Undergrad: 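Pasting in a structure now, in structure tokens, and then I'll have a few things to ask.
Indexing begins at 1, ligand by ligand and atom by atom, following the structure's order. In this text the structure is predicted, and so the values were computed from the model without any measurement.
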Amino acid sequence: MPRTTVHVCSQCGFQSAQWHGQCPGCEAWNTLVEERLKPARTEGRARGPGRRAPGAGGAAGGAPRSRPRPLGEVGAAPMMRMSTGIGELDRVLGGGLVPGSLVLLGGSPGIGKSTLTNMVLGHLQQSGRRTLYVSGEESAEQVRLRAERLVLSPADPSRTALEVPVLAENDLESILQTLASEAPEACVIDSVQTLRSAELSGAPGSVGQVREVAAQIMELAKARGIAVILVGHVTKDGALAGPRVLEHLVDCVLQFEGERERPYRELRALKNRFGSTNEAGLFEMRQGGLVEVLDASARFVAEATRAAGSVVLAAMEGSRPLLVEVQALVAPSELEQPRRVVSGLDRNRLALVLAILGRHGGVRTGGADVFVNVVGGVRVEEPGCDLAVALAVASASRGLALKGTPRACFGELGLTGELRWVGHPERRLQEAAKHGLEAVIAPPDSGGRACEVATLRQALAAALPRGPAEAGVRAASASERAGSPVALVSERRAATPRALGGAPEAASHARRRLAAAGAQEEDPEAL
Ligand code: TYD
Ligand code: MG
């Protein structure tokens, strides 16, 4: 029997008939991936009028196979999009599913990928489109049981997902046949890791198999204009399982994330050929499936504790402002290397903010465990969150809640302790005002009625009541606080003004800045 597959090293391209643990070419480990042998291209197989006459000689002699054209001459048909019936998903996709496109939906098990894709096909089928749900993971009965629970439209109980045709199958070749004969407009493959091509010897889910499955489905989808959603699992470290290669292949990579124990789920685009990658959609897992969360800010603001360590952040989720609560806990550590635990934020960002807080805010956390959490299982991935993290940690370490009326904040921290401008301040301020948050602490030039501050130190002064020693209420003796890993800003300031900047000019500069923030500190209402 002729050989149909070959093992190719994904690093150096070495080809071998057999699988090796170590590539004989470049000696890298575990890089050989099984691939289907492509039929050899024969000379002169080029399409179109530019075809090279056989025997016309080398590349220099014959006419080129294809000619470049100015972009203006390229005819571009307006892109048709199918609404998925789920507003948040449409927005993340950039306005709906594009026919012939491949969308990879990743997420950890149990997060709701099957639920979401079931609902999408339910909506599309209800709106008169042909759909197909391919399940390699669950039996048709299991898919039906889920579909029975789904509520597509609370207003109209007659709309169900039960009309969606389902195919429980693992074999790629028979799935391709069904796809070709049924010619659905939208198709879900749940999941790409469970399908297997008989032409390759690897197990389902191996890199070679996943790549082959995706490539073959893509070829058919592009030829027939089928919009395909490939469901993929995510490995422990968050990468879409096995194949990062898939991310290059597909048009759009969506990530579905959240904590399984909490109801909130967030959908983000990591890559999108047909829209922005900044958008995020928020869902809640309920009894009848996933429900879009349209008033997320209102919920998070209402749930905010306003205790010490709690700060409301006016964040941007793509083009949309979102108010979220950032909570921090600072506790003396018994470990040599204190813990830095963060959820919903970048861990390195926390390290940076803690360093800036220590150096420029006088809040040292070197001997303390620091925990920071964005409440609700939401992930904030923008520099505008720095100030909220800094204020939450400072508030937690001092044990003092933010002073004054309920307020929000945003802004990026620079390494020299300055507060930097971030995008869309007006939308953030509007959102805060809409939910009753006044005196938003913001970087300079944010406009509106923001409480603008230029430095972290000013922000701390504006946000937090003065410490007991500072306010003269109780002179906390150094011995009383000995052993505490947490230093009060006031203590630091009283003890060594020079330590702020090292040089006398820096210290006086810092004092001037503090004086500038004085007006806010003296605010009687705020105390
Ligand atoms: P599922 O879509 O199967 O997750 P995935 O395909 O990503 O592995 O959904 C997982 C969870 O969602 C499951 O634990 C039950 C819950 N769920 C609900 O709470 N309500 C519902 O209506 C449905 C369908 C599921
Ligand atoms: Mg599933």
Side-chain angles (χ1 to χ4, degrees), residues 84-86 88-89 92 103-126 131-170 175 186-196 204-205 210 213-214 217 228-242 246 252-270 280-293 376-377 379:
T84 60
I86 301 175
E88 293 284 278
L89 176 60
V92 174
V103 176
L104 179 62
L105 173 66
S108 46
I111 204 78
K113 302 178 297 296
S114 305
T115 308
L116 182 69
T117 48
N118 266 205
M119 295 181 80
V120 169
L121 291 192
H123 281 293
L124 286 170
Q125 188 75 28
Q126 287 285 339
T131 64
L132 179 65
Y133 187 90
V134 179
S135 175
E137 216 153 84
E138 296 164 307
S139 66
E141 291 75 24
Q142 285 171 314
V143 177
R144 185 204 152 101
L145 283 177
R146 180 187 302 103
E148 275 175 4
R149 296 171 65 185
L150 297 179
V151 179
L152 293 189
S153 153
D156 181 4
S158 68
R159 289 170 68 95
T160 65
L162 290 174
E163 281 165 43
V164 175
V166 61
L167 175 72
E169 180 62 79
N170 292 94
I175 290 169
C187 167
V188 168
I189 310 280
D190 189 1
S191 65
V192 67
Q193 278 114 339
T194 53
L195 305 198
R196 182 175 187 281
V210 168
V213 165
I217 289 176
V228 179
I229 302 179
L230 294 172
V231 174
H233 292 287
V234 163
T235 51
K236 264 187 249 131
D237 56 358
L240 285 176
L246 276 197
C252 180
V253 180
L254 301 184
Q255 179 89 334
F256 207 27
E257 47 192 31
E259 290 157 47
R260 206 145 48 137
E261 305 73 33
R262 309 258 192 89
Y264 295 115
R265 303 277 184 271
E266 209 176 0
L267 188 69
R268 287 175 177 281
L270 304 183
L282 201 63
F283 296 88
E284 192 182 349
M285 185 59 97
R286 293 231 193 115
Q287 203 46 46
L290 289 157
V291 181
E292 298 168 59
V293 180
R379 217 181 147 69

Undergrad: Quick check on contacts: which atoms of ligand 1 are under 4.0 angstrom from a heavy atom of Gly288?
TA: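 Those qualifying, in numeric order: 22 (O).
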Undergrad: With nothing but distance in play, are any N or O atoms of Gly110 less than 3.5 Å from an N or O of ligand 1?
TA: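 Indeed, backbone or side chain, Gly110 has an N or O that close.
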Undergrad: Would a distance-only check, ignoring hydrogens and angles, find a side-chain to backbone donor-acceptor pair under 3.5 Å from Gln126 to Ala161?
TA: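 Not a single qualifying donor-acceptor pair exists.
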Undergrad: Please indicate whether any nitrogen or oxygen in Lys113 is less than 3.5 Å from any nitrogen or oxygen in ligand 1.
TA: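 Yes, there is a polar N/O contact under 3.5 Å.
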Undergrad: Near the Mg ion (ligand 2), which protein N/O/S atoms are found at less than 2.8 Å?
TA: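 Per the 2.8 Å query on the Mg ion (ligand 2), atoms found are Ser114 OG.
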Undergrad: Just which atoms of ligand 1 are under 4.0 Å from any heavy atom in Thr115?
TA: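 Near Thr115, the atoms of ligand 1 are 1 (P), 2 (O), 9 (O), 24 (C), 25 (C).
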Undergrad: Hey, is ligand 1 close enough to Pro109 that some N/O pair sits below 3.5 Å?
TA: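 No, no N or O pair falls under 3.5 Å.
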Undergrad: Any side-chain heavy-atom pair from Arg268 and Val92 closer than 4.5 angstrom?
TA: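 When only atoms from C-beta onward are counted, Val92 and Arg268 do not touch, as no gap falls below 4.5 Å.
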Undergrad: Under a 4.0 Å heavy-atom limit, does Met285 contact ligand 1 with its side chain, its backbone, both, or neither?
TA: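 For Met285, the contact with ligand 1 is made by the side chain alone.
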Undergrad: Between Gln193 (side chain) and His233 (backbone), is there a donor-acceptor pair under 3.5 Å?
TA: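 Checked: pair present.
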Undergrad: Per the side chain to side chain contact (heavy atoms under 4.5 Å, CB included) rule, which among Leu104, Leu105, Leu89, Leu254 passes with Ile229?
TA: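 Going through Leu104, Leu105, Leu89, Leu254 one by one, the side chain to side chain contact (heavy atoms under 4.5 Å, CB included) with Ile229 is satisfied by Leu105 alone.
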Undergrad: Side chains of Arg265 and Ile111: does their closest heavy-atom pair fall under 4.5 Å?
TA: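 In contact.
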Undergrad: Side chains of His123 and Ile86, heavy atoms from C-beta outward: is any pair under 4.5 Å?
TA: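 They are in side-chain contact.
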Undergrad: Could you go through Glu137 and Thr194, starting from their C-alpha distance and side-chain angles, then the distance that decides it, and tell me whether this counts as side-chain hydrogen bond (donor to acceptor under 3.5 Å, both in side chains)?
TA: CA-CA 6 Å; Glu137 216 153 84; Thr194 53; 4.8 Å; no
Undergrad: As a test of the contact definition, would atom 13 (C) of ligand 1 count as having a protein heavy-atom neighbour under 4.0 Å?
TA: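 Under 4.0 Å from atom 13 (C) of ligand 1, zero protein heavy atoms found.
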Undergrad: From the options Val192, Val188, Ile189, select the one residue that forms a side chain to side chain contact (heavy atoms under 4.5 Å, CB included) with Val231.
TA: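 The side chain to side chain contact (heavy atoms under 4.5 Å, CB included) with Val231 is passed solely by Val188 among Val192, Val188, Ile189.
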Undergrad: Starting from atom 15 (C) of ligand 1, what is the nearest protein heavy atom, named by residue and atom, and what distance separates them?
TA: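 The closest one turns out to be Arg149 NH1, 4.6 Å.
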Undergrad: Among all protein non-hydrogen atoms, which one is nearest to atom 24 (C) of ligand 1, and what is the separation to 0.1 Å?
TA: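 Nearest neighbour among protein heavy atoms for atom 24 (C) of ligand 1, to 0.1 Å: Arg146 CG, 3.5 Å.
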Undergrad: Looking at CG of Leu162 and CG of Asn118, how far apart are the two atoms once the value is rounded to the nearest 0.5 Å?
TA: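 Nearest 0.5 Å value for the CG-CG distance: 10.0 Å.
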Undergrad: I need the nearest protein heavy-atom contact for atom 6 (O) of ligand 1: residue, atom name and distance, please.
TA: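 Result for atom 6 (O) of ligand 1: Ser114 OG, 2.6 Å.
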Undergrad: Where the side chain of Asp190 meets the backbone of Ser135, is there a donor-acceptor pair that is under 3.5 Å apart?
TA: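 A pair under 3.5 Å: no.
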Undergrad: Are any of the side-chain heavy atoms of Phe256 and Leu290 separated by less than 4.5 Å?
TA: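 Yes - at least one pair of side-chain heavy atoms lies under 4.5 Å apart.
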Undergrad: Looking only at distances, please establish whether an N/O atom of ligand 1 is found under 3.5 Å from an N/O atom of Arg286.
TA: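 Yes.
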Undergrad: Distance below 4.0 Å between atom 21 (C) of ligand 1 and any protein heavy atom?
TA: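 So atom 21 (C) of ligand 1 has protein heavy-atom neighbours under 4.0 Å.
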Undergrad: Check for a donor-acceptor pair, side chain of Glu88 on one end and backbone N or O of Leu282 on the other, with a separation under 3.5 Å.
TA: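 Checked: pair present.
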Undergrad: Could you list the atoms of ligand 1 found under 4.0 angstrom from a heavy atom of Gln287?
TA: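 Selected atoms, number and element: 20 (N), 21 (C), 22 (O).
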Undergrad: Does the side chain of Pro165 reach to within under 4.5 Å of the side chain of Gln125, using non-hydrogen atoms?
TA: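 Side chain of Pro165 against side chain of Gln125, heavy atoms only: contact under 4.5 Å found.
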Undergrad: How far is atom 4 (O) of ligand 1 from its nearest protein heavy atom, and which residue and atom is that?
TA: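 Minimum-distance protein heavy atom for atom 4 (O) of ligand 1 reads Gly112 N, 3.1 Å.
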Undergrad: Backbone or side chain, does any N or O of Gly289 fall under 3.5 Å from an N or O of ligand 1?
TA: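 Yes; the residue has a nitrogen or oxygen that sits under 3.5 Å from a nitrogen or oxygen of the ligand.
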